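Remember, it's 1-based here, ligands and their atoms both numbered in the order they're listed. Worth knowing before you read on, the calculation uses all heavy atoms, side chains too, and leaves out hydrogens, waters and symmetry mates. All of these numbers come straight from a predicted model, not from anything done at the bench.
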Amino acid sequence: MNTRRGLHDVAVVGAGMVGAALALALAKAGFDVALIESRAPAPWRAQDEVDLRVVALATSSLDLFRRLDVWTAISSARACAYRRMRVWDAAAPGALQFDGADSAEPALGCIVENRLIQHALWQALQHEARISLRCPARVEASEADARRRVLTLDDGSTLAAQLVVAADGAESPLRGMLGIATQDRDYGQRAVVAHVATGRPHEFTAWQRFLPHATLAFLPLADGRSSIVWSVADAEAARLLALDDAAFRDALGAAFDFRLGTIGACTPRAAFPLRMRLAERYVAQRFALIGDAAHVVHPLAGQGVNLGLRDVDELCRVLIEARDAQCDLAAPHVLRRYERRRRSDNLLAAHAFDAIQRVFGAESVPLAALRGAGLDLVNRLPPLKQLFARRAAGR
Ligand SMILES: Cc1cc2nc3c(=O)[nH]c(=O)nc-3n(C[C@H](O)[C@H](O)[C@H](O)COP(=O)(O)OP(=O)(O)OC[C@H]3O[C@@H](n4cnc5c(N)ncnc54)[C@H](O)[C@@H]3O)c2cc1C
């Protein structure tokens with residue numbers, strides 16, 4: 001910290017996967033960072049059951065974690081690289097297949113537990129002298145003047161930074177305090193998640209089947225099981241959660257067309273509500289939003305945290321450029337550059353997933369035929385297919 005002025009360069013609020021990655025990236029770039037988190041993450045231990053929350057990390061996210069020196073710790077603990085993706089529709093014959101070879105990447109991405117990612121980031125940031133971690137601490141108020149933004153924490157203490165970044169998740173209390181509105185769409189759906197054993201091997205493939213009013217993904221885990229994300233209407237989710245184990249496994253096998261054989265042992269299930277929530281602005285006076293605080297998207301393409309990690313990369317780049325130009329880190333033109341570069345990309349992604357969800361969720365026969373033809377068309381046209389593969393990888 002600049003002790004003469006008692007001022008941090010950046011204060012990051014929220015140390016989930018995105019906030020912790022940002023704090024680490026900024027500290028490694030030489031910035032002085034305060035990191036405020038309301039609750040310490042649950043520890044990750046190899047002997048524990050695989051966490052029910054997993055994410056498909058795109059190669060752009062793996063690149064960032066390599067640069068932050070956390071990827072070796074994550075991949076050597078527990079991660080499963082997938083080399084293929086198979087997408088098909090229950091109501092039409094078309095199918096789309098991506099192979100690592102199509103995108104010149106050996107793996108298309110990696111399935112990793114959220115808790116392990118956060119654990120590895122926390123281990124690393126605790127060794128960074130440039131990060132002051134305040135946990136547990138909650139931000140209660142935020143005021144800005146021409147020089148700094150001051151945060152008041154729940155223990156009554158204050159801290160000041162040139163720039164405050166909210167990475168405090170979908171509900172983002174800070175976004176609310178700053179009066180930044182969001183555009184919301186409640187999908188009326190829940191994602192039912194569990195880990196399951198399957199009769200046939202998962203082939204290190206991420207599988208996705210579109211069904212009328214539902215999508216079902218099977219993501220490969222390192223121990224040979226698959227992690228399922230089954231997005232269905234709220235009432236159907238309640239029904240699936242209430243089924244006994246045998247009935248749930250039968251329903252799941254049938255919904256997946258027994259592509260990996262019958263479903264074996266299944267962990268307890270959980271469900272998460274699904275919505276799209278997009279902040280109308282990403283920046284305000286000495287303030288910026290990143291990660292789910294800025295954009296919550298449908299999980300059907302498995303891109304939520306990947307978009308947040310791309311925000312991290314871009315915000316870091318913009319702040320380094322500002323410092324190199326001896327500019328105020330929170331000058332309006334600096335923050336607008338970040339907003340311009342990230343908001344359009346995130347909006348495009350969010351609306352694309354929304355459109356896919358609408359088109360693939362529809363039951364109408366002509367639409368189903370069109371979907372099948374569309375999947376086949378993309379599959380048969382190498383340039384189009386490479387474009388899709390590059391987008392999925394975050395390139
Ligand atoms: C079923 C499901 C499947 C998904 N699958 C994928 C996938 O395959 N790939 C993918 O990329 N994404 C996926 N996502 C999305 C991904 O999980 C989210 O995008 C990601 O977790 C968001 O991370 P974050 O760090 O922005 O927010 P969070 O994880 O919500 O972190 C916010 C942090 O801020 C802290 N906080 C909140 N308020 C305060 C406060 N006032 N003061 C201090 N701290 C505070 C919280 O304690 C928390 O630690 C999925 C989501 C769902 C629901």
Side-chain angles (χ1 to χ4, degrees), residues 11-23 34-42 51-62 64 82 85 108-115 117-118 121-122 133-142 151-155 164-177 187 189-194 206 208 215 217-220 227-232 237 269-277 279 289-312 346 349-350 353 392-394:
V12 180
V13 181
M17 292 184 278
V18 173
L22 177 68
L35 178 61
I36 302 128
E37 168 57 52
S38 52
R39 60 192 150 88
D51 185 14
L52 273 187
R53 296 285 310 262
V54 300
V55 283
L57 291 177
T59 47
S60 59
S61 300
L62 306 186
L64 175 69
Y82 58 97
M85 277 172 75
L108 294 176
C110 253
I111 308 299
V112 189
E113 294 150 77
N114 293 19
R115 196 191 290 166
I117 297 171
Q118 203 184 3
L121 289 166
W122 273 59
L133 177 63
R134 301 286 299 268
C135 178
R138 190 178 290 276
V139 174
E140 301 230 306
S142 163
L151 299 176
T152 306
L153 306 185
D154 52 356
D155 64 359
V164 169
V165 181
D168 50 353
E171 300 306 324
S172 183
L174 241 85
R175 185 186 61 216
M177 279 179 213
Y187 287 110
Q189 286 187 334
R190 271 161 205 273
V192 175
V193 300
Q208 172 121 303
T215 55
F218 271 56
L219 306 174
S227 179
I228 63 140
V229 184
W230 194 355
S231 304
V232 291
R269 299 148 238 166
F272 299 93
L274 300 184
R275 68 192 158 202
M276 178 168 77
R277 173 171 285 172
L289 291 171
I290 60 165
D292 272 24
H295 44 77
V296 179
V297 299
H298 196 288
L300 65 83
Q303 286 299 321
V305 83
N306 293 306
L307 296 177
L309 293 171
R310 301 222 282 275
D311 298 344
V312 166
N346 291 329
F353 307 150

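Polar contact with ligand 1: absent for Val55 (N/O pair, distance under 3.5 Å). Considering backbone and side-chain N/O atoms, Arg138 never comes within less than 3.5 Å of an N/O atom of ligand 1. Taking only nitrogen or oxygen atoms, main chain and side chain alike, Pro299 does not reach within less than 3.5 Å of ligand 1. Between Gly304 and ligand 1, a contact under 3.5 Å exists for at least one N or O pair.
Heavy-atom proximity to Ala137, at under 4.0 Å, picks out these atoms of ligand 1: 42 (N), 43 (C). In the vicinity of Ala167, heavy-atom distances shorter than 4.0 Å reach the ligand 1 atoms 32 (C), 33 (C), 34 (O). Proximity to Asp292 (heavy-atom distance under 4.0 Å) selects the following atoms of ligand 1: 18 (C), 19 (O), 22 (C), 26 (O). Taking every heavy atom of Pro173 and a limit of under 4.0 angstrom, the matching atoms of ligand 1 come to 38 (N), 41 (N). Near Met17, meaning under 4.0 Å from any of its heavy atoms, are these atoms of ligand 1: 20 (C), 21 (O), 25 (O). Below 4.0 Å from some heavy atom of Gly291 lie the following atoms of ligand 1, by number and element: 26 (O). Near Ile36, meaning under 4.0 Å from any of its heavy atoms, are these atoms of ligand 1: 43 (C), 44 (N).
To the nearest 0.5 Å, atom CD of residue Glu113 and atom CG of residue Leu52 are 9.5 Å apart. Put simply, CD1 on Ile290 and CG on Leu309 are 8.5 Å apart, with the number rounded to the nearest 0.5 Å. Taking OG1 of Thr152 as the start and CD of Glu140 as the end, the distance is 8.5 Å to the nearest 0.5 Å. Note that the CG atom of Leu151 and the CZ atom of Arg134 stand 10.0 Å from one another [nearest 0.5 Å]. Taken to the nearest 0.5 Å, the CD atom of Gln208 stands 5.5 Å off from the OG1 atom of Thr215. In this structure, Met17 CE and Arg115 CZ are separated by 12.5 Å, a value rounded to the nearest 0.5 Å.
Within the 4.0 Å heavy-atom cutoff, Gly308 does not count among the residues contacting ligand 1. Contact analysis puts Arg53 in contact with ligand 1, with a non-hydrogen atom separation below 4.0 angstrom.
Checking Val54, Val139, Val229, Val193 against atom 5 (N) of ligand 1, the nearest heavy atom belongs to Val54. Relative to atom 31 (O) of ligand 1, the option among Ser172, Gly16, Pro136 with the closest non-hydrogen atom is Gly16.
No donor-acceptor distance shorter than 3.5 angstrom exists from the side chain of Trp122 to the backbone of Ala40, with no hydrogens or angles considered. Looking at Arg175, its side chain does come within 3.5 Å of a backbone N or O of Ala293 through a donor-acceptor pair. A donor-acceptor pair under 3.5 Å is formed between the side chain of Asp311 and the backbone N or O of Gly291. A donor-acceptor pair under 3.5 Å links the side-chain atoms of Asp154 to the main chain of Arg138, judged by distance alone.
Protein heavy atom closest to atom 9 (N) of ligand 1, with residue, atom name and distance, is Gly302 O, 2.9 Å. Ranking the protein heavy atoms by distance from atom 37 (C) of ligand 1 puts Asp168 O, 3.4 Å first. Among protein heavy atoms, the minimum distance from atom 12 (N) of ligand 1 is reached at Val305 N, 3.1 Å. Nearest to atom 8 (O) of ligand 1 among the protein's heavy atoms is Ala56 N, 2.8 Å. For atom 28 (P) of ligand 1, the closest non-hydrogen atom on the protein side is Gly169 CA, 4.2 Å. The protein heavy atom nearest to atom 46 (C) of ligand 1 is Glu37 OE2, 3.4 Å. Scanning the protein for heavy atoms near atom 23 (O) of ligand 1, the closest one is Val18 CG2, 4.0 Å. Protein heavy atom nearest atom 36 (N) of ligand 1, with residue, atom name and distance: Ser38 OG, 3.8 Å.
Only side-chain heavy atoms of Ala191 come within less than 4.0 Å of ligand 1; its backbone N, CA, C and O stay farther off. Contact annotation for Val13 and ligand 1: only side-chain heavy atoms (C-beta onward) come within less than 4.0 Å of the ligand.
Residues Pro41 and Gln118 approach most closely at CB-OE1, 3.4 Å, considering heavy atoms. Listed here is the closest heavy atom pair of Ser61 and Asn306: OG-OD1, 2.6 Å. The minimum heavy-atom distance between His298 and Ser231, with the atom names listed, is CE1-OG, 4.0 Å.
Contacts of His295 classified as ring pair (Phe, Tyr, Trp, His ring centres under 6.0 Å), with partners at least two apart in sequence or in another chain: none. For Phe353, the ring pair (Phe, Tyr, Trp, His ring centres under 6.0 Å) criterion is met by no residue, not counting sequence neighbours.
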